[in-house]
*Asks:* 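Please find one structure pasted underneath; my questions will follow.
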Amino acid sequence: MIKVQTDDFDVGAELAALSRGRTEVGAVASFIGLVRDVAGPGELSAMTLEHYPGMTERQLAQLEAEALARWPLDKVLIIHRHGRLLPGDQIVLCAATSSHREAAFEACAFLMDWLKTRAPFWKLEEVGGESNWVAARQGDDDAAARWKTDK
Amino acid sequence: MIKVQTDDFDVGAELAALSRGRTEVGAVASFIGLVRDVAGPGELSAMTLEHYPGMTERQLAQLEAEALARWPLDKVLIIHRHGRLLPGDQIVLCAATSSHREAAFEACAFLMDWLKTRAPFWKLEEVGGESNWVAARQGDDDAAARWKTDK
Amino acid sequence: MKVLYFSWLRDRVGVAEEAVQPPGDVTTVAELMTWLTQQSDGHAEAFKDPAIVRCAINQDYAKADAPISAGDEVAFFPPVTGG
Amino acid sequence: MKVLYFSWLRDRVGVAEEAVQPPGDVTTVAELMTWLTQQSDGHAEAFKDPAIVRCAINQDYAKADAPISAGDEVAFFPPVTGG
């Protein structure tokens, strides 16, 4: 399931919904991304996430389908917020459920790596009264690249 | 933080507490283990988790310390229940927080792999009126072994 | 053809979206970028380093040599930084 | 010396805990297992395949050649199945 929204999300409720009534599922791996107060040039006061409506949902749905095809999963969840967020705010929740914990863990890491390099979001950081677009990290490309050859 | 208890736990509240006020932490990786209704010989009606009081806490605390030493983490959480549980019930919650998502993911997988092979818990499954002790999985030993050489 | 700009490409071009009608010999993403560069100083600034500009055609990623058609939605943006 | 049993080892021995006083030549985990085997049919059944029995001394894992002392808490159990 894919959700792109400005509203915050309830991690406990979202994860519980994912496994409710699915008693053959024993493993729920998840990842929560939070706004950090540490920016390149100093202390971050806020961050605005811009996105490309339509393309975001499309790319995340492809990501979900790819994870479901590669690992023996029961369900996949991706929630990504956009708009203005403050340090400590939740940005993203990824989760994968499976009867195999290795599959759940790997799929969840895969979702985050690919989301970082493929989902059309751009972060604008507010630091000391100035606003700066965040540059992409080479490390994120490297992390995503490992899924091209590895299973 | 280590908790060994019979009571259920609130995943959302536990994970929120882990990162509250820690705005330099951007990554929260977690794993929830649930009771599956699939047992070896048939459909499971309940499961009782026995443990070794004292040793369990001691082993989990060592596991926490090892994870904190190996990865740049902010915090580690392990909650493990014991007693009689029903299909769909939560058994275990592992979580690791960090400013690096790779560290959070790896540490969380490490915690689960080692917990499976080192924490003194034993599962007694109730299937069709009979009770059977669950045999250890070779796969769990293999999963834990990878942390002996890899970083 | 509808062209969209995001992040600092939008800041430089000055608009989030525009309808363009490039000449018939503009048939690929790379050719469209070159043509757009000539439309204003803002466009020139946005596309001055084409290697760091990403493109999507109809909401799927597209490379520089991908063909474009009159009815397409073509988007330009920097490498993404979500998650 | 306090000896604890868990899971099916406890079921077979018949008690969860017992105080034992093995003779002075019983100085290692392996020797204690051999000595315990002789204490009852239940003990013999519990330890009939020593290779699948795990041991902890004072709540830390111990191998078969680990030394034991009179004041120790020694626990025997099958491979763990938590998580």
Side-chain angles (χ1 to χ4, degrees), chain A residues 8-16 18-39 43-45 47 74 86-102 104-106 108-113 115-116 137 139-140 142-143 146, chain B residues 8-16 18-39 43-45 47 74 86-102 104-106 108-113 115-116 137 139-140 142-143 146:
Chain A
D8 197 11
F9 46 82
D10 179 335
V11 171
E14 295 291 347
L15 296 182
L18 215 53
S19 63
R20 185 170 296 129
R22 312 294 292 173
T23 44
E24 75 282 15
V25 166
V28 182
S30 69
F31 181 90
I32 307 162
L34 307 169
V35 178
R36 299 177 63 204
D37 62 4
V38 187
E43 188 162 338
L44 182 135
S45 54
M47 168 184 284
D74 189 55
L86 302 177
D89 280 355
Q90 300 184 131
I91 305 172
V92 62
L93 172 65
C94 275
T97 65
S98 176
S99 52
H100 306 277
R101 76 175 183 284
E102 296 85 357
F105 267 124
E106 279 194 27
C108 193
F110 164 85
L111 289 172
M112 278 306 302
D113 285 348
L115 188 154
K116 287 255 178 194
R137 280 180 59 211
D140 288 332
D142 296 344
R146 70 185 160 126
Chain B
D8 197 10
F9 47 82
D10 178 335
V11 172
E14 295 291 347
L15 295 182
L18 215 54
S19 62
R20 186 168 297 129
R22 313 293 292 171
T23 43
E24 75 283 14
V25 166
V28 182
S30 69
F31 181 89
I32 307 161
L34 306 169
V35 178
R36 299 177 61 204
D37 62 4
V38 186
E43 188 162 340
L44 180 135
S45 54
M47 168 183 286
D74 188 55
L86 302 177
D89 280 355
Q90 301 184 132
I91 304 172
V92 62
L93 172 66
C94 277
T97 64
S98 175
S99 53
H100 306 277
R101 76 175 184 284
E102 297 84 357
F105 268 125
E106 279 194 27
C108 193
F110 164 86
L111 290 172
M112 279 307 301
D113 285 348
L115 189 154
K116 287 255 178 195
R137 280 180 60 210
D140 287 332
D142 296 343
R146 71 186 159 124

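Numbers restart at 1 for each chain; the letters A, B, ... are given by sequence-line order, proteins then strands.
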*Asks:* Among A:Arg20, A:Arg22, A:Glu24, A:Arg101, who wins on heavy-atom pairs under 4.5 Å with chain B?
*Replies:* A:Arg101

*Asks:* Output the option from B:Asp89, B:Leu86, B:Asp140 having the highest count of non-hydrogen pairs under 4.5 Å with chain A.
*Replies:* B:Asp140

*Asks:* With chain A, which of B:Arg36, B:Met112, B:Gln90 has the greatest number of heavy-atom pairs at distances under 4.5 Å?
*Replies:* B:Arg36

*Asks:* So which of A:Val25, A:Val11, A:Asp37 has the biggest tally of heavy-atom pairs under 4.5 Å with chain B?
*Replies:* A:Asp37

*Asks:* What part of B:Glu102 is in contact with chain A, defined as an atom under 4.5 angstrom from a non-hydrogen atom: side chain, backbone, both or neither?
*Replies:* side chain

*Asks:* Are A:Ser30 and A:Leu15 close enough that some pair of their side-chain heavy atoms sits under 4.5 Å apart?
*Replies:* yes

*Asks:* Taking the ring of B:Phe105 and the ring of A:Phe105, is the distance between their centroids below 6.0 Å?
*Replies:* no

*Asks:* Counting heavy-atom pairs under 4.5 Å to chain B, which of A:Leu44, A:Val28, A:Ile91, A:Val92 comes out on top?
*Replies:* A:Val28

*Asks:* Can any side-chain N or O of A:Asp113 pair as donor or acceptor with the backbone N or O of A:Phe110 at less than 3.5 Å?
*Replies:* no

*Asks:* Need one label for B:Cys108: side chain, backbone, both or neither, based on atoms under 4.5 Å from any heavy atom in chain A.
*Replies:* both

*Asks:* I'd like to verify something: which residue of A:Ala27, A:Pro87, A:Ala29, A:Gly26 has the highest number of heavy-atom pairs under 4.5 Å with chain B?
*Replies:* A:Gly26

*Asks:* Which one, B:Gly12, B:Ser99, B:Gly88, B:Ser19, leads in non-hydrogen pairs under 4.5 Å with chain A?
*Replies:* B:Ser99

*Asks:* Taking all heavy atoms of A:Ala104 and all of A:Ala96, pick out the closest pair and write down the distance.
*Replies:* CB-O, 3.6 Å

*Asks:* In terms of heavy-atom proximity below 4.5 Å to chain A, should B:Ala143 be classed as side chain, backbone, both, or neither?
*Replies:* side chain

*Asks:* Would you give the length of the straight line joining atom CD1 of B:Ile32 to atom CG of B:Leu93, rounded to the nearest 0.5 angstrom?
*Replies:* 6.0 Å

